[in-house]
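Heads up: the structure comes next, in structure tokens.
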Amino acid sequence: QVQLLESGGGLVQPGGSLRLSCAASGLIFSLYDMAWYRQAPGKERELVATISTGGSITNYAGFVKGRFTISRDNAKNTQYLRMRSLKPEDTAIYYCNAYREYKDINYWGKGTLVTVSG
């Protein structure tokens, strides 16, 4: 079975940094585009960043561009989200997503909670 397992969430003070990881199993990782989404309390789930299969193309939501960096290591079947200059409004559950273009295949992790407070 396919599994996406997020880790690295926790409590951090405003201005701090955190790195999230998503370990994938049960799929050929290098065939999948990857993404990070987040959902804040009382808000809709929103796209944070995407990264292409080889890691060469990245896309960011405007509210995180310049602060967050998405990356992937296909040899480790893992994608990452490095977050810096965190703000209270970044507080959310962060979800790992994997999908294949031209196919009805889309997988989600269960999320990891990031709380920015101080």
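Enclosure of atom CZ in Arg100 by more than 12 non-hydrogen atoms of other residues, nucleotides or ligands within 6.0 angstrom is indicated. The environment of Ile105 atom CD1 is dense: over 12 non-hydrogen atoms of other residues, nucleotides or ligands sit within 6.0 angstrom.
Taken from OG1 in Thr91 to CG in Leu113, the straight-line distance is 8.0 Å, to the nearest 0.5 Å. Atom-to-atom distance recorded for Leu47:CG and Asn97:CG is 8.5 Å, nearest 0.5 angstrom. Here the OG-CD1 distance, from Ser56 to Ile51, works out to 8.0 Å after rounding to the nearest 0.5 Å. Of the inter-residue distances, the one linking Ile57 atom CD1 with Ile70 atom CD1 reads 12.5 Å to the nearest 0.5 angstrom. Ile28 contributes atom CD1, which lies 11.5 Å from atom CG of Asn74 (distance to the nearest 0.5 angstrom). The OH atom of Tyr32 sits 5.0 Å away from the CG atom of Leu27 when rounded to the nearest 0.5 Å.
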Residue pair Met83, Val12: steps toward the side-chain contact (heavy atoms from CB on, under 4.5 Å) verdict: CA-CA 11 Å; Met83 305 179 290; Val12 63; over 6 Å; no

side-chain contact (heavy atoms from CB on, under 4.5 Å) between Arg82 and Ser17, intermediate numbers included: CA-CA 8 Å; Arg82 183 172 296 279; Ser17 298; over 6 Å; no

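When all heavy atoms are compared, the tightest approach of Arg72 to Phe29 is NH2-O, 3.0 Å.
A salt bridge links Arg38 with Glu46: the distance from a Lys NZ or Arg NE/NH1/NH2 to an Asp or Glu carboxylate oxygen falls below 4.0 Å.
With a 4.5 Å cut-off on side-chain heavy atoms, Tyr80 and Cys22 do not count as touching. Val116 places a side-chain heavy atom less than 4.5 Å from the side chain of Pro14. Within the 4.5 Å cutoff, the side chain of Leu11 has heavy atoms near those of the Ser117 side chain.
Taken together through direct or relayed side-chain contacts under 4.5 Å among Ile, Leu, Val, Met, Phe, Trp and Tyr, Leu18 and Tyr95 form parts of separate hydrophobic clusters. Leu5 and Ile93 are not part of a single hydrophobic cluster, where members link through side-chain heavy atoms under 4.5 Å apart.
Without hydrogens or angle criteria, Glu6 side chain to Gly111 main chain gives a donor-acceptor distance under 3.5 Å. Between the side chain of Arg19 and the backbone N or O of Gly8, no donor-acceptor pair lies under 3.5 Å. Formation of a donor-acceptor pair under 3.5 Å by the Gln79 side chain with backbone atoms of Ala35 is found in this model.
Shown are Lys43, Arg84, Arg67; of these, the salt bridge (Lys or Arg N to Asp or Glu O under 4.0 Å) with Asp90 is made only by Arg67. Residue Tyr37 forms a ring-ring contact (aromatic ring centres under 6.0 Å, His included) with just one option from Tyr94, Trp108, Tyr99, and that option is Trp108.
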